[in-house]
Amino acid sequence: MGKGFHQSLLTSHQSRLSSLFGGLLDLLFPPLCHVCKEFIGRGEKVHLCPTCSAGFTPIGTPLCTVCGTPFLTEGGMDHPCGRCLSHPPPYDAVRAAFLFHGPARELIHRFKYNRQIQLRRPLGLLLAERLAPVVTQWGVDLLLPVPLHRRRLRQRGFNQAALLVELLANEWRLPLARHLLQRTRWTEPQVNLPAHERPGNVKGAFALRRPEEVKGRRIVLVDDVFTTGSTIAECSLVLKRSGASAVYAVTLARAVGE
């Protein structure tokens, strides 16, 4: 018998062993949906059942081409919203993968506040898949996480944006700079403030360690949720003043009507 026949037998044997081992793992550590904890089949890399996956509401056309706010418009055309036309923000464009409700909100809260950092993977993969086309269109040079103040970092133990940006850099094959953008002063959590107080709360709260590293580059900021956009706007101001040619932002979710 030839070498090819023996190789075929070996491959078949390895496949059976892999299937048996996979079945044993499923028996001992069954893959469960991150949201409802129902059993899911192998090969589902984000570990969400079909029902819970359907609970994620993706944001798509029509939307504001600047801030990414979804809206209804005649003909379904994307265009800048009235607010961005009357008060242009310092960033060039923002996009969120999903609306901030349902399973998306639950998983983000568990990831961010319950220290379930294993949720970085499913959330990051969903974001990477959903927003890959627009990031490619932007022609990005560098990814930056929105930073936490060192005091909050000690309290929480991790920066959720930094965990997400590492996965995105790998999925999109883009360079990242984890510590280039810094939060230089303590600020009240934005979630605790009304919308009109949020811009002043973060004003002057960010700085760049090495401003020369962003000059002439197209930057994407990464964060978990976009609400009023005050934090993204303040970070964008710092980057633009240091010579960034364009500043974009991507987030897991977008809070609408808050």
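For the single chain, residues carry numbers from 1 onward in sequence order. Here the structure is a predicted model, which is why all the values come from computation and not from measurement.
Ring pair His34/Phe111: centre-to-centre distance not below 6.0 Å. Aromatic rings from Phe71 and His79 are positioned such that their centres are separated by under 6.0 Å.
The shortest side-chain heavy-atom distance between Pro70 and Pro62 does not fall under the 4.5 Å cut-off. Contact check for Glu171 versus Leu168: no side-chain heavy atoms found under the 4.5 Å cut-off. You'll find the side chain of Pro89 stays beyond 4.5 Å of the side chain of Ser236, heavy atoms only. Contact of the Arg183 side chain with the Pro147 side chain is registered, since non-hydrogen atoms from C-beta on lie closer than 4.5 Å. Side-chain contact between Val94 and Val250 is absent, with no heavy-atom pair separated by less than 4.5 Å. At a threshold of 4.5 Å between non-hydrogen side-chain atoms, the residues Arg110 and Leu119 count as touching. Considering only heavy atoms from C-beta on, Arg254 stays 4.5 Å or farther from Val225 through its side chain.
Atom CD1 of Ile117 has 12 or fewer neighbouring heavy atoms from other residues, nucleotides or ligands inside a 6.0 Å radius. Heavy atoms of other residues, nucleotides or ligands lying less than 6.0 angstrom from CD of Glu129 number 12 at most. Taking a 6.0 Å sphere around NZ of Lys215, one finds it holds 12 or fewer heavy atoms contributed by other residues, nucleotides or ligands. The environment of Arg185 atom CZ is dense: over 12 non-hydrogen atoms of other residues, nucleotides or ligands sit within 6.0 angstrom.
Interatomic distance, CG of Leu252 versus CZ of Arg105, reported as 14.0 Å (0.5 Å rounding). Note: Leu131 CG to Gln137 CD = 12.0 Å, rounded to the nearest 0.5 Å. Taking CG of Asn201 as the start and OG1 of Thr231 as the end, the distance is 8.0 Å to the nearest 0.5 Å. Lys240 NZ to Ile219 CD1: the interatomic distance, rounded to the nearest 0.5 Å, is 11.0 Å. Taking CG of Leu144 as the reference point, atom SG of Cys235 lies at 9.0 Å (rounded to 0.5 Å). To the nearest 0.5 angstrom, Arg150 atom CZ is 12.5 Å from Gln155 atom CD.
Using modelled atom types, no side-chain atom of Asp223 and backbone atom of Val146 make a donor-acceptor pair closer than 3.5 Å. Proximity of a side-chain donor or acceptor of Arg152 to a complementary backbone N or O of Thr187 within less than 3.5 Å is detected. Looking at Arg130, its side chain does come within 3.5 Å of a backbone N or O of Ile59 through a donor-acceptor pair. For Thr228 (side chain) and Ala195 (main-chain N/O), no donor-acceptor pair under 3.5 Å exists by modelled atom type. The main-chain N or O of Leu239 is never found under 3.5 Å from a side-chain atom of Ser242 such that the two would form a donor-acceptor pair. With Asn159 contributing its side chain and Ala161 its backbone, the two residues share a donor-acceptor pair below 3.5 Å. The backbone N or O of Glu213 sits less than 3.5 Å from a side-chain atom of Arg217, completing a donor-acceptor pair.
Looking only at atom types and distance, the side chain of Arg198 has no donor-acceptor partner in the side chain of Gln190 under 3.5 Å away. Side-chain contact, Gln160 with Arg156: a donor N or O sits under 3.5 Å from an acceptor N or O. Side chains of Thr61 and Asp78: a donor-acceptor N/O pair is present below 3.5 angstrom, by distance only.
Follow the hydrophobic side-chain contacts under 4.5 Å out from Leu176 and you never reach Leu153; the two are in separate clusters. Phe226 and Val134 end up in different hydrophobic clusters when Ile, Leu, Val, Met, Phe, Trp and Tyr side chains are linked at under 4.5 Å. Val202 is connected to Leu208 through a chain of hydrophobic side-chain contacts under 4.5 Å among Ile, Leu, Val, Met, Phe, Trp and Tyr, so both are in one cluster. Cluster annotation: Leu143 is not connected to Leu221 through the hydrophobic network of ILVMFWY side chains, with a link wherever side-chain heavy atoms come within less than 4.5 Å. In the hydrophobic clustering of this structure, Leu164 groups with Val220; members are Ile, Leu, Val, Met, Phe, Trp, Tyr whose side-chain heavy atoms approach within less than 4.5 Å, directly or through other members.
Contact detail for Cys52 and Phe56: the closest heavy-atom pair is O-CD1, 3.3 Å. What you find for Leu48 and Ser53 is that their closest heavy atoms are CB-OG, 3.3 Å. In plain terms, the two heavy atoms of His47 and Pro31 that are nearest each other are CE1-CB, 3.9 Å. Between Val214 and Leu180, the shortest heavy-atom distance links the atoms CG1-CD2, 3.7 Å. Taking every heavy atom of both residues into account, Arg95 and Cys64 meet most closely at NH1-O, 3.6 Å. In terms of heavy-atom proximity, Ile108 sits nearest to Ala253 at CD1-CB, 3.7 Å.
Relative orientation of the Tyr248 and Trp138 rings is parallel, given thresholds of 30° and 60° on the angle between their planes.
Pro90 pairs in a side-chain contact (heavy atoms from CB on, under 4.5 Å) with only one of the listed residues (Ile232, Val238, Leu237), which is Leu237.
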Ring pair (Phe, Tyr, Trp, His ring centres under 6.0 Å) between His149 and Phe206: does it pass, once the steps are laid out? CA-CA 9 Å; His149 189 268; Phe206 301 94; over 10 Å; no
Please step through side chain to side chain contact (heavy atoms under 4.5 Å, CB included) for the pair Leu63 and Thr69, ending with a clear verdict. CA-CA 5 Å; Leu63 50 71; Thr69 300; over 6 Å; no
Could you go step by step and tell me if Phe98 and Leu126 meet the side chain to side chain contact (heavy atoms under 4.5 Å, CB included) rule? CA-CA 9 Å; Phe98 305 99; Leu126 288 169; 3.9 Å; yes
Please report the C-alpha distance between Tyr91 and Cys67 in whole Å, then the side-chain angles of each, then the deciding distance to 0.1 Å, and finally whether the side chain to side chain contact (heavy atoms under 4.5 Å, CB included) criterion is met. CA-CA 8 Å; Tyr91 49 77; Cys67 70; 3.7 Å; yes
Apply side chain to side chain contact (heavy atoms under 4.5 Å, CB included) to Thr251 and Val222, showing your working. CA-CA 6 Å; Thr251 65; Val222 176; over 6 Å; no
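Checked for salt-bridge contact, Asp224 and Arg120 miss the test: no charged N lies under 4.0 Å from a carboxylate O.
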